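Just so it is clear, the model here is predicted, and its values are computed rather than measured.
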Amino acid sequence: MAAVDDLQFEEFGDAGTTLSANPEDTTINIEDPDETPKHRPRTPRGSGREEDDELLGNDDSDKTELLAGQKKSSPFWTFEYYQTFFDVDTYQVFDRIKGSLLPIPGKNFVRLYIRSNPDLYGPFWICATLVFAIAISGNLSNFLIHLGEKTYHYVPEFQKVSIAATVIYAYAWLVPFALWGFLMWRNSKVMNIVSYSFLEIVCVYGYSLFIYIPTAILWIIPQKAVRWILVMIALGISGSVLAMTFWPAVREDNRRIALATIVTIVLLHMLLSVGCLAYFFDAPEMDHLLATATPNQTVSAAKFS
């Protein structure tokens, strides 16, 4: 009968109770975290699909957007809602600045740097720094142009700060808003167009303006050729970031519309850089040249009379 009793089933309770009753027994945990990843097969992915996901930002974008939506679940009229837009560390800001200065062909700036955690901290302070860099450098350039003239009395032009702030912030917000609306409209026409959120577009434009901060400082050099070389370099770097970022968003659209969109983006960026150079730096130089030419013309007229 002992052999028959040994073959009967028994109900086991909690593992802790069993171990306390039988300390010499051992248990096996089938959910051991150290063993599971070693035997978990990975699903192979084709290189073409992976490249498309990386370029267009598809792969895990839905997951990141879902997480972003969970993180920004506070009502928009609360301070906590806007606080999440500035939840970024110094390493992320420097990494995004580096990405805007060294654009990689074939890589999407939004996919690599922005989509995981879009922020307004970097764009806001980049625009603010650029405003003061342009205004201060413009005043200093005007001072150096008239340096040595006995009749010249330097007066700081504080209105340049407000003018630069209006131009820079209007460009950094209104142009992304118009582009976001256009992409949303085209997305309703062509379903496979890649969509960017308004915050992501603002991030791209904000970080693309960083190259103009050292450029504006170097614009103090009173050589027009050097200034134009600097503005072309800055325009090439920042314009390539914008073009390579937004081309995947419109390339599935009509060919003419896609090319017209990229050309418009680059032209507006060129208008901003050339306009800032012409108004804040070249205008005082032109006024100085006209002022120095007028007395000579007066003397020549007096000699002929």
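- Note that the CG atom of L218 and the CG atom of L230 stand 5.5 Å from one another [nearest 0.5 Å].
- Using a 4.5 Å cut-off on side-chain heavy atoms (C-beta onward), P248 and N108 make contact.
- Between F124 and F86, the ring planes are perpendicular. Angles over 60° get that label, and only those under 30° would be called parallel.
- A distance-only check finds no donor-acceptor pair linking the side chain of D95 to the backbone of K98 [under 3.5 Å].
- At least one side-chain heavy atom of I237 sits under 4.5 Å from a side-chain heavy atom of P103.
- At least one donor-acceptor pair under 3.5 Å links the side chain of S208 to the backbone N or O of Y205.
- In this structure, the side chains of V226 and W219 stay at 4.5 Å or more apart for every pair of heavy atoms.
- When side chains are defined from C-beta on, N139 does not count as touching F280, because their heavy atoms never get closer than 4.5 Å.
- Using a distance-only test at 3.5 Å, with no hydrogens or angles considered, no donor-acceptor pair links the side chain of T245 to the main chain of L242.
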Quick one: do V250 and R186 satisfy side-chain contact (heavy atoms from CB on, under 4.5 Å)? Show the steps, please.
CA-CA 8 Å; V250 297; R186 294 309 302 172; over 6 Å; no
Between W228 and V274, does the side-chain contact (heavy atoms from CB on, under 4.5 Å) criterion hold? Intermediate values first, please.
CA-CA 9 Å; W228 280 101; V274 174; 3.7 Å; yes
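- With contacts defined as side-chain heavy-atom distances shorter than 4.5 Å, the pair V202/Y207 does not qualify.
- Under a 3.5 Å cut-off, the side chain of T166 and the backbone N or O of S162 do form a donor-acceptor pair.
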Report the C-alpha distance between F109 and M244 in whole Å, list the side-chain angles of each, state the deciding distance to 0.1 Å, and finish with yes or no for side-chain contact (heavy atoms from CB on, under 4.5 Å).
CA-CA 8 Å; F109 184 77; M244 288 189 299; over 6 Å; no
Given V161 and I134, is the side-chain contact (heavy atoms from CB on, under 4.5 Å) satisfied, shown in steps?
CA-CA 8 Å; V161 178; I134 290 178; over 6 Å; no
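- Contact annotation: the side chain of E200 never approaches that of V204 to less than 4.5 Å [non-hydrogen atoms, C-beta and beyond].
- No side-chain donor-acceptor contact under 3.5 Å links T215 to the backbone of A234.
- Ring orientation note: the planes of F198 and F177 are nearly perpendicular, at an angle over 60° on the 30°/60° scale.
- Side-chain contact between I201 and L183 is present, with at least one heavy-atom pair separated by less than 4.5 Å.
- Listed for the R251 side chain is no donor-acceptor partner under 3.5 Å among the backbone atoms of A258.
- Put simply, the side chain of H269 does not reach to within 4.5 Å of the side chain of V241, judged on heavy atoms.
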